[in-house]
Amino acid sequence: MSTIILRGNIIHTPTRERFVCIPGGYLVTVDNEIRGVYEELPEAYRSLPVLDYGDQLIIPGLCDMHVHAPQFVYRGLGLDLQLMDWLDRYAFPTEARFADPAYARIYYEAFADAMAKNGTTRAVVFGTLHAEATEILMEELEKKRIAAYVGKINMDTLSPDYLCETPKQSLADTERWILKTKEAYRLVKPAITPRFIPTCSSEVLEGLGRLRETYDLPVHSHLSEDLGEMQIVRERYPEYDNDSDVYDRFGLFTDHTVMAHFIYPTEHELDLVARRGVTIAHCPQSNGNVAAGIPPIRRMLDKGIKVGLGSDVAGGYSLCMLRAMSEAVYLSKLQWLKSEKQDAALSIPEAFYLGTKGGGQFFGKVGSFEPGYELDALVIDDGSLGVAADHLTLEERIERVMHLADDRNLTARYVAGERA
Ligand SMILES: [Zn+2]
């Protein structure tokens, strides 16, 4: 039996309404199952060693619900372009280079290392269409102890000639890759990952729906991100007036599906997404960078839709999920204005919840310190952030961490019950 006892200023959000803070508390985990958070260490554990982090903050691990690993290569570039231009100029040419496994090894190792340093414990990740490179990505994430769902992506139409599969090859490669990787790693598993509807023929979407069902896999893709993209979908599927019905028709909308963005939902789509239990990955930095729009997160939450946060590197330039929390609040204030003050902005605890438990639910009992949850935790030293910590409440300290901290403030990372 493996028992881990962490001591420090413990902060989490079992509900999105408020922080629960335990100053100088004890977080006890036995065999990757949290037993509880205590002000005083219970008698039963008193003979065991305690990892004492003093005045540092202990928070749940951060979940990046939408990130493109190959785009890590050119993060921070071309961010004044619109989506389709940016894909042509940066995304597609770079992704083509991942046909070379040696190239993939170098950049995927760097990507996994940067994810770990930024405190990400769970992630849902796009690879490229290359099965071999995607396996390398999975290996590198496992090595750095990032628990992840990873996708070999599918694109067989409306893609550059140099980055396009035939439908038959796309589905055959995907099935071979699933069989090879589904039991190959402890923390990393495959996910069905159509790039988005415009780059997938109906034959491929139908085949992916079949593979999803056969192997009981999660699904990861993009939903209603850009008006240009949505217009292509309308023209290809004139019987539907939205993206969601198309995914649903092919069996890709389940309670283990995560869709990035959802910026322009119709009322019908909000209901469908809620009913199917689809998770939305909100990527605020990317939405602003590619001028895609502002998603109505408050309306999604009011509908009971599950929402997590994503970096969407390289539409977003930062892998740091604390930044995503901060920017989710920022963007929600613009939405408040845009909605003529109807959609209330996100509170600080709500943004923290989205970046931890909101995304974590996609992986099971993850993202909170409630009994029965897995131990994903970060230890953060906020001593360098300016004002003496003893002037601030723990709620104020975690708020400042969300806005100002980065990888330099991370002291320790625990993933699935082990120090990573
Ligand atoms: Zn994306």
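Side-chain atoms are counted along with the backbone in the values below, which use heavy atoms only and exclude waters and symmetry mates. Order of listing sets the numbers, starting from 1, for every ligand and every atom in it.
- Of all N/O/S atoms in Asp312, OD1 sits nearest the Zn ion (ligand 1).
- In this structure, the side-chain contact (heavy atoms from CB on, under 4.5 Å) partners of Glu235, at least two apart in sequence or on a different chain, are Gln231.
- Ring pair Phe126/His68 is tilted by interplanar angle, where 30° to 60° counts as tilted.
- For Lys306, the side-chain contact (heavy atoms from CB on, under 4.5 Å) test picks out Asp255, Thr279, Gln361, with sequence neighbours left out.
- Note: angle at the Zn ion (ligand 1), from NE2 of His68 to NE2 of His222, is 100° (rounded to 10 degrees).
- Heavy atoms from other residues, nucleotides or ligands lying under 6.0 Å from CD of Gln169 number more than 12.
- Among the backbone and side-chain atoms of His261, none of the N, O or S atoms lies under 2.8 Å from the Zn ion (ligand 1).
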